Amino acid sequence: MKDLSGFSMLDLFRQEAEAQNEILNAGLLALEQGGAAPEKLEAMMRAAHSLKGAARIVGLDAAVKVAHALEDCFVAAQKKMLRITPPDADLLLRAVDLLGAIAAAPEDPAAPWRAGDAAPVAQVLRQLDQVLHGAAAAGSAAAVQPAAIAKTPAAGDAPPPADTPQPADTQSATGQPVPAAPAAGPDRTVRIAAESLSRLVELAGEALVRTRWHTPYAGALTGLKNALAALARQTDQLASRSQQHADIQPSECADLLRQIGEIRKQVGQLQADFDSSAHRSADLTERIYQEVVASRMRPLADGVQGLPRMVRDLARQLGKQVQFEITGRDTGVDREILARLEAPVTHLLRNALDHGLETPAERQAAGKPPAGHLQLEARHHAGQLWVTVADDGRGMNIEGIRRKAAARGLSAPETLARMSDEEVLEFLFLPGFSTAEAVSEISGRGVGLDVVQSLARELGGAARLENRPGRGAAVHLHLPITLSVLRALLVEIGGAPYALPLTRVARLVQPAPGDWRMLEGRRYLALEGRDIGVVDAAEVLGLPPPAACEAGPVVILGGGVETYGLAVERLLGECKLVVRRLDARLGKVRDVNAAALLDDGTPALILDADDLTRSIETMLGRGGLKHSVRPAAGASQQRQQAVLVADDSITVREIERRLLENRGYHVDTAVDGMEAWNLLRENQYDLLVTDVDMPRLGGIELVQNLRRDARLRELPVVVVSYKDQEDDRRRGMEAGADYYLTKSSFQDETFIRAVADLLGGTD
């Protein structure tokens, strides 16, 4: 049973209020949709009654009054004196929120909630009383009116008499019986730190791997048994020839055969015992491992309790009608994934309500029912967790996305016109990209889908858009079921095993000689009408290239616009790996995310699909690195000066690259500070141009790393940022920047003059 001795009474009330408020919220939303179901009303009456009693115990008189008024409303609804309309539901939900606010107030005797006369409480009580009076006037006033005006003890009143029903009673303030809540069973939950649970998973996984090491020993025993059998046959043949050879005694052969037989019998028994023990050990370890992994799982319902209320309130705010459905509530989700799903799923639901679903009038004009359908679905499929947010609204405006991409200079209009709808939709994942005409509190700032995609990739998964013009749209998240175990594709690169998350593998291809094309000195694979750029995995990882690359299989990574091929030496198969995070002292290892032990104990590195994609982009020359070999320092004074540009905005990167290349500089680009730091350590540059706010590693931190490095501390740095406050400039200069410019400097010669000042200009 859970130890509650360390909790104050107010802490316990907060926990109860949180649980009871979930019942009240869910019940009110259900009643608003389908009428006053008796079981819903009974559950809400119990919840309000329990809250009233608990609030009285801890001395929260304001909560007592609000819970009492809510209970009266539910009694009136149960007696069919009150029909809960959407405006009534607004008020009742506001009262539930008020109970939550009272419970969350600090434990301070002087807090306004303890005085019992806070303005929000008085206002809600007055409005609830008006609702009850209206219900009484419309129906039987005699039955309802006493409940509406029943006096609740104020903060200074004397305690209720001994015969007054206390929190444990089963009678409401109106005298109506309230079904007693079922007796709670023993609490079988315990608190455990997330780090301890993760460590338990690692240990259970290690034990599972260890049990699989029994297989070679079982094979060795089988080999020994076979060798003894062969020795017995040879001895028997020798005995048969003993009649022709006087120096061989038949009795000696018989003794030898008897000894061999005894040894074979012992080895056979040992093998049987070993096999039985190994099987039981493997079965036990597997069950322990599955139980420990299951302890990390929670049902989806635990993480989406507040979404129906959010959808309902936002739909009312937008003047839209919506039927919100959650399917797969019992689907198991890793607790860490579940905790991080709330923000992106909320983004998707808000976008669907604001952009996707039409108003009732628009839907009826299009031949649709006035209420839109919005669905959140979670299920396990092919060893992955699939989370989908779908609506039956207007769908996504492909031409509008093309126009917005062209207006922002993300691609040439003629290139955009040739893109497929799937490729155009990928622009929605770019940071700051929005098709909304105006910014509102709900949407329009371009924040949402890029957050969704970033989270999916951080978790080792992927996000995919589906568009049905006129019939709706959907966003699919393909995520690992648990972060402790990874379903991976094992490949051989440079003679060693490496693992790729299956969620990031689009397909596997064994190319024929005629499938290859050479474009601008690079290899491309013709696949379903597209040219997929292919690089050797060994080259990406900095390993010696294989002898014959084109004959090997190709792993297609990503999907949509960012689709690339990775040539490997061999496919070793699919497996489940227990993820082992790299030691924090190693920092971020480029292209590597974690490590694991294979069944035979061989270590394998788990590759970072996002890093690989960026490395492949760089190697293929997509907006950056041409994979040229630079001469060593001092080898030639006539070499082309090299500049590294780091910015997470594709637009800014392209502007800076073009400006610098037009002036004769060689330019490499990085999409964030971490990639820039890796490139700086591997190549020789004459100048760094960096943004400030970037994922993984910001510009200020990048410059600080630079100044601490013995080889790179003298490298000139230009910081170009949207931030133009004096404090921002001071931070940049104190970190070690030589220039701090704003991004408006592209409009004149300020940026180029700063570069020329630091590098001495180019001809």
Side-chain angles (χ1 to χ4, degrees), residues 409 412 518-523 533 535-536 539-540 542 564 590-591 611 613-691 694 697 699 702-703 705-707 709 711-721 736-739 741 743 745-746 749-763:
M518 295 297 294
L519 298 174
E520 298 180 353
R522 286 291 179 188
R523 288 187 304 155
V535 297
D536 297 322
E539 186 179 0
V540 176
Y564 302 102
R590 195 188 73 176
D591 299 328
D611 266 12
T613 300
R614 282 188 284 266
S615 297
I616 293 171
E617 282 185 356
T618 300
M619 295 181 68
L620 291 177
R622 180 176 175 179
L625 188 62
K626 308 302 181 186
H627 204 58
S628 59
V629 180
R630 306 200 210 294
S636 173
Q637 299 302 319
Q638 302 301 316
R639 69 177 180 87
Q640 189 179 23
Q641 291 178 303
V643 179
L644 176 62
V645 170
D647 202 298
D648 61 336
S649 167
I650 186 174
T651 306
V652 174
R653 283 202 312 272
E654 185 63 15
I655 290 174
E656 293 176 340
R657 185 183 68 81
R658 292 181 182 181
L659 284 172
L660 293 168
E661 286 186 345
N662 288 341
R663 296 302 177 108
Y665 300 106
H666 176 95
V667 183
D668 293 344
T669 63
V671 299
D672 59 28
M674 185 59 69
E675 184 182 13
W677 179 237
N678 288 330
L679 289 172
L680 285 165
R681 290 184 294 177
E682 294 176 1
N683 301 287
Q684 179 184 347
Y685 294 99
D686 300 285
L687 175 70
L688 169 65
V689 178
T690 181
D691 187 15
M694 295 184 291
L697 185 67
L702 174 61
V703 177
N705 287 351
L706 212 68
R707 297 309 181 217
D709 188 278
R711 184 178 71 87
L712 300 172
R713 65 164 56 105
E714 300 301 326
L715 182 71
V717 176
V718 175
V719 172
V720 184
S721 173
D738 297 279
Y739 275 90
L741 307 176
K743 293 186 178 179
S745 63
F746 300 145
E749 292 293 310
T750 304
F751 174 69
I752 291 299
R753 284 200 299 268
V755 173
D757 179 52
L758 294 172
L759 295 183
T762 60
D763 295 329

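Just so it is clear, the model here is predicted, and its values are computed rather than measured.
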Rounded at 0.5 Å granularity, tell me how far [atom1] in [X] sits from [atom2] in [Y].
X	Y	atom1	atom2	value
Met674	Arg590	CE	CZ	12.5 Å
Gln641	Leu759	CD	CG	5.0 Å
Asn705	Leu697	CG	CG	6.0 Å
Leu758	Leu688	CG	CG	11.0 Å
Arg657	Asp647	CZ	CG	14.0 Å

Contact summary for [X] and [Y], nearest pair of heavy atoms:
X	Y	result
Leu680	Leu715	CD2-CD2, 3.7 Å
Ala646	Asp672	CB-O, 4.4 Å
Glu656	Val645	OE1-CG1, 2.8 Å
Leu644	Ala676	CD2-O, 3.7 Å
Leu679	Ala670	CD1-CB, 4.2 Å
Tyr665	Ala756	OH-CA, 4.0 Å

Legend entry - Residues in salt bridge (Lys or Arg N to Asp or Glu O under 4.0 Å) contact with Arg707, at least two apart in sequence or another chain: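 Scan of Arg707 (salt bridge (Lys or Arg N to Asp or Glu O under 4.0 Å), adjacent residues dropped) gives Asp738.
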Legend entry - Exam field: side chain Asp686 to backbone Ala642, donor-acceptor pair closer than 3.5 Å: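 Checked: pair present.
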Legend entry - Heavy-atom donor-acceptor pair, Asp709 side chain to Leu712 backbone, under 3.5 Å: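 A pair under 3.5 Å: yes.
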Legend entry - Glu682 atom CD, neighbour heavy-atom count above 12 within 6.0 Å: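 More than 12 within 6.0 Å, yes.
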Inset, instruction - Start with the C-alpha gap between Leu741 and Phe751, add the side-chain angles, then the distance that decides, and say whether side-chain contact (heavy atoms from CB on, under 4.5 Å) holds. - result: CA-CA 7 Å; Leu741 307 176; Phe751 174 69; 4.1 Å; yes
Inset, instruction - Check the pair Leu706, Trp677 against side-chain contact (heavy atoms from CB on, under 4.5 Å), reporting the backbone distance first and the verdict last. - result: CA-CA 8 Å; Leu706 212 68; Trp677 179 237; 4.1 Å; yes
